[in-house]
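Taking it in order: structure first as C-alpha cells, then the write-up.
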Amino acid sequence: KKEVKYGQLTELPRQDEAMKKWRSNRFGQFIHWGLYAIPGGIWEGKTYKYAAEFLKSSAGISTATWDSLQYQFNPVKFDAKEWAKMAKDMGVKYVTITTKHHEGFCLWPSKYTDFDIENTPYRKDLLGEFIKAYNEEGIDVSLYYSVLDWHHPDWRYKLNTEEDKAAFERLKAFTENQLLELLERYPTVKGLWFDGTWDQCWKDNGKFSYDLEKKLKEKNPGLIVNSRMRADEYGSRHFDSNGVLMGDYESGYERRLPNPWDVAVTKNDWECCMTIPENQWGYHKDWTLTHIKTSNELIEMLVQCTSQNGNFLLNFGPRGEGNFREKEVKLAKEIGDWMDDNSSVIYNCGYAGLKKQSWGYFTKSSDSDDAINMVVFNKPINGKYRVKLNKGSIIKRAYLLSKPKKSFNLEEIANGEYFLDDVKGKCKDPFVIIIELEDKDSKKFKQKALT
Ligand SMILES: COc1ccc([C@@H]2N[C@@H](C)[C@@H](O)[C@H]2O)cc1
C-alpha cells in the first residue's frame with residue numbers, strides 16, 4: 001500500500017441529501033453544444049466521419065480559422081424553455097451541459113476570456129438562460145467542463161521545459177478561476193463533470209486536482225464531481241494508487257456499459273454517458289454514417305444502469321442554430337412515453353441484490369424491501385418467467401405493472417425460485433412485472449433447509 005495524501009476527499013458512497021438525490025435521479029440528459037455544431041462534421045464540402053466535436057483536428061483546421069466560428073454563433077432558434085420541456089417530457093431528472101469543450105469556447109460570459117458567448121452575435125448569457133429554464137422544470141443542472149483547452153495559449157500536453165511549467169501554472173489558475181466563476185454565477189448547479197484530464201500535464205498535478213476539488217466543494221457545499229476530475233500525487237486517475245475511487249462517482253463508462261451480470265460495479269456510484277449515433281457527441285449533419293440507436297436500445301441501457309446502481313446520461317447534440325434534429329426529438333418522445341408508464345422502476349431504484357436472469361433486469365426501490373421490479377426485454381419461449389430470489393424469499397403476488405389486478409400463476413421450483421406463467425399481455429414494449437414478497441417475519445417464512 002502506498003501512502004496517498006492527495007486521493008479521495010470524501011468517504012464513499014456519500015450518504016448526504018445531495019448525493020441521495022443524484023442517485024435517485026438515475027436518468028440524465030447530456031448536451032454537447034459549441035462552435036463545432038456550426039460545421040456539423042462537414043468542412044469545405046468534405047464529410048468527416050469522426051466525432052463532430054473533433055472536426056478541428058480531423059480536418060486539420062488552424063486555431064485562428066476554427067476560432068473565427070465564434071462570429072457565426074447565433075442560435076436564433078434556441079428556446080431554453082422548449083429544450084427544458086422536451087427534457088422533462090423525456091423523463092430526465094438532471095442535465096449536464098458542456099460549458100466549454102476542448103475547443104475552449106465558453107457558453108457563458110467569462111471574465112477570463114473573450115472566447116465566449118459575449119463575443120458572438122448572440123451576446124446574451126446563454127448558459128444562464130439554460131440553467132434557469134431547466135431548474136424551472138425541476139431538473140437538476142450539472143456542468144461539463146473540459147480542462148483540455150485547444151484555444152488557450154498556455155495549454156501544454158506535457159510539462160517538459162520550465163516554460164511549459166510556467167505556462168501550465170497560468171492554465172491551472174485560469175481553470176480554477178473559471179470553475180469558481182461558474183459556481184459563483186450559477187449557485188443552483190449540483191455538479192461538475194470534468195473531461196479532458198488524461199494528459200501528462202494533469203497527471204503531474206494530482207495535488208492541484210485534490211486542492212481544487214476541496215475549494216469547489218467549499219464554495220458549493222454538496223457539490224458532486226466525477227472521478228474523471230481527479231489524479232492522485234502519483235498520477236493515478238479515477239482511482240488512486242491504492243484503487244480507492246476519487247471524486248463522488250465513477251465516470252469511466254463512456255459509450256459502453258458494464259457486463260450486465262457484473263455485481264462488483266454495484267459497490268460504487270457510477271454513471272454511463274451514451275451517444276445516440278455510434279460516436280457523435282456534437283451535432284453531425286450526416287446521421288447515415290453509423291447505426292442510430294432505437295428507443296428500445298436506449299431504454300434497455302437505462303434499465304441496465306439502474307439495475308446495477310448506475311446513472312444513465314443520454315447525449316443530445318443541438319444544431320448551431322439552437323434546435324434539435326427531428327430524430328432526437330422523436331427518440332426523446334418515445335423514451336418519455338415509456339417513462340410515463342414505467343418510471344417507478346427507475347427513479348429512486350437500484351440493484352435488487354439478485355443475479356440477472358435471461359428475461360431482463362431486476363430493479364428495486366430504495367424505499368421498499370418487499371417489492372421487486374422485473375423489467376422484461378426477452379419474453380421466454382415457454383411463456384414462463386424463471387425468477388430466482390434469495391433463499392427463503394416467498395412471493396406473495398406477481399402482476400403486470402400495467403394490469404395490477406391480474407395476478408400471475410406462481411409455480412415454486414425450489415426455495416426462493418419460481419416460474420411465473422405469462423399473463424396474456426400484448427406488450428410490444430419492454431414491460432414491468434411487480435413481485436410482492438411476504439415480509440420476512442411472516443409465519444409463512446420457510447425455515448432454511450438444515451444442511
Ligand atoms: C478518444 O478520445 C476522446 C477524447 C474526448 C472525448 C470526449 N468525451 C466525451 C464525453 C465527449 O465530450 C467527447 O468529445 C471522447 C474521446
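Counting starts at 1 for both ligands and their atoms, in listed order. Nothing here was measured: the structure is a model prediction, and the numbers come from that model.
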**OP:** Show which atoms of ligand 1 fall inside a sub-4.0 Å distance from at least one heavy-atom site of His32.
**Re:** 11 (C), 12 (O)
**OP:** Return a yes/no value for Trp281: is any of its N or O atoms, backbone included, closer than 3.5 angstrom to an N or O of ligand 1?
**Re:** no
Original post:
Got the closest protein heavy atom to atom 8 (N) of ligand 1, with its distance?
Top reply: Asp195 OD2, 2.8 Å
Subject >> His101 neighbourhood, listing ligand 1 atoms whose heavy-atom distance to it stays under 4.0 Å >> reply: 11 (C), 12 (O), 13 (C), 14 (O)
Subject >> Polar contact flag for His102 and ligand 1 (N/O pairs, less than 3.5 Å) >> reply: no
**OP:** Just jot down the ligand 1 atoms closer than 4.0 angstrom to any heavy atom of Glu53, in number order.
**Re:** 13 (C), 14 (O)
Original post:
Can a salt bridge be assigned to the pair Lys132 and Glu136 using a cut-off of 4.0 Å between side-chain N and carboxylate O?
Top reply: yes
**OP:** State whether Arg156 and Asp164 are salt-bridged, where the test is any N-O pair (Lys NZ or Arg NE/NH1/NH2 against Asp/Glu carboxylate O) under 4.0 Å.
**Re:** yes
Original post:
Of Tyr144, Phe54, Tyr50, which has the heavy atom at the shortest distance from atom 1 (C) of ligand 1?
Top reply: Tyr50
Subject >> Asn205 side chain reached by Gln200 side chain, heavy atoms, under 4.5 Å >> reply: no
**OP:** Using distance alone, determine whether Glu254 and ligand 1 share an N or O pair under 3.5 Å.
**Re:** yes
Original post:
Looking only at heavy atoms, is any part of Thr98 under 4.0 Å from ligand 1, and if so is it the side chain, the backbone, or both, or is it neither?
Top reply: neither
**OP:** Scan side-chain atoms only and decide if Glu334 and Ser295 contain a donor-acceptor pair under the 3.5 Å cut-off.
**Re:** yes
Subject >> Polar contact flag, side-chain donor to acceptor under 3.5 angstrom, Thr65-Ser62 >> reply: yes
Original post:
Short N/O distance, under 3.5 Å, between Trp198 and ligand 1?
Top reply: no
Subject >> Lys81 atom NZ: more than 12 heavy-atom contacts under 6.0 Å >> reply: no
**OP:** May I ask you to check if Lys46 and Tyr48 form a cation-pi contact, with NZ or CZ under 6.0 angstrom from the six-membered ring centre and within 45° of the axis?
**Re:** yes
